[in-house]
Amino acid sequence: MITERHTGVSIGAELPAKVHTTTAAQLVRYAAAAQDFSGIHYDVEYARRRGFPGVIVHGLLKAAFLAELGQAWAGEEAWFRSFKARYTGTDLVGAPIVCRGRVTSVDDELDRVGLELWTENVEGRTTTTATGVIQLSSRTDLPEQGQTDTATNAHHDH
């Protein structure tokens, strides 16, 4: 049964937007955690030689921002059963990244909500898209992850 917090949630409902403004220090910490030390994420001249206007934010960090948006909306007992992201544009360090989302499906019986999530850069251009299915409750009588859902899959482009 859908939790009281999510009663009345309908397809098309918008999630509250969240803005992230990355810093160089944040990208360095993320690079260390992800073991992604490409110069496009910390060296302005290198990034420019590669065709970027400046240092760009890691795609997987933007995916994490989107997952965080969905998780914060759904509540602390909720978890992603599946999550897929695709990177369609770049975001520059220091520029605001707006994270947005909407409900795409509601399964009252299984306590699941499908989400469409995306980031927008300062020009309003979509730079990352994601889809996911969130389990809203901690029920233990549900099928195992592999029995009904696909595994998490992130498509990573640089």
Between T127 and D91, a side-chain donor and acceptor under 3.5 Å:
yes

Quick check against the 3.5 Å criterion: does T119 have a side-chain atom that pairs as donor or acceptor with the backbone of T128?
yes

Apply side-chain contact (heavy atoms from CB on, under 4.5 Å) to residues W73 and V9 and explain how you reach the verdict.
CA-CA 11 Å; W73 171 81; V9 170; 4.0 Å; yes

Qualifying residue, where the test is side-chain contact (heavy atoms from CB on, under 4.5 Å) with K84 and the options are T131, V133, T129:
T131

If two hydrophobic side chains count as joined below 4.5 Å and joins carry through other members, does V57 share a cluster with V28?
no

Can you see which heavy atom on G101 is nearest to which on L117, and at what distance?
CA-CD2, 3.9 Å

Expected output: side-chain Q26 to main-chain Y30 donor-acceptor under 3.5 Å
no

S38 OG to H58 NE2 distance, which is reported to the nearest 0.5 Å
7.5 Å

Minimum heavy-atom distance L136-A74, with the two atoms named
CD2-CB, 3.9 Å

Going only through I, L, V, M, F, W and Y residues with side-chain contacts under 4.5 Å, is there a path from Y87 to W118?
no

What distance do I56 atom CD1 and Y42 atom OH have between them, rounded to the nearest 0.5 Å?
13.0 Å

Quick one: which of E14, E116, E120 gives a side-chain hydrogen bond (donor to acceptor under 3.5 Å, both in side chains) with R100?
E120

I would like to know whether F65 and T22 meet side-chain contact (heavy atoms from CB on, under 4.5 Å); could you show each step before the answer?
CA-CA 11 Å; F65 291 160; T22 58; 4.0 Å; yes

Smallest separation among heavy atoms of T21 and P96, with atom names:
OG1-CA, 3.8 Å

Expected output: side-chain H20 to main-chain I97 donor-acceptor under 3.5 Å:
no

One should read off an interatomic distance between R81 CZ and I134 CD1, to the nearest 0.5 angstrom, of 12.0 Å

What's the separation between atom CZ in R102 and atom OG1 in T104, rounded to the nearest 0.5 Å?
9.5 Å

Identify the heavy atoms of A63 and A85 that sit nearest to each other, and give their distance.
CB-CB, 3.9 Å

Considering all heavy atoms of both residues, which atom of V122 and which atom of A95 are nearest to each other, and what is their separation?
CG1-CB, 4.1 Å

Nearest-0.5 Å distance that lies between atom OH in Y46 and atom NE2 in H41:
9.5 Å

Is the shortest heavy-atom distance from the side chain of P53 to the side chain of L92 under 4.5 Å?
yes

Between D107 and D111 (side chain of the first, backbone of the second, donor and acceptor by atom type, cut-off under 3.5 Å), is there such a pair?
no

Quick check: do Q135 and E77 have side-chain heavy atoms less than 4.5 Å from each other?
no

Kindly give the heavy-atom pair with the smallest separation between G70 and L15, and that separation in Å.
CA-CD2, 4.1 Å

Taking the side chain as every heavy atom from C-beta outward, state whether L61 and L27 have any atom pair closer than 4.5 Å.
yes

CZ/F80 to CD/Q71 distance, rounded to the nearest 0.5 angstrom?
7.0 Å

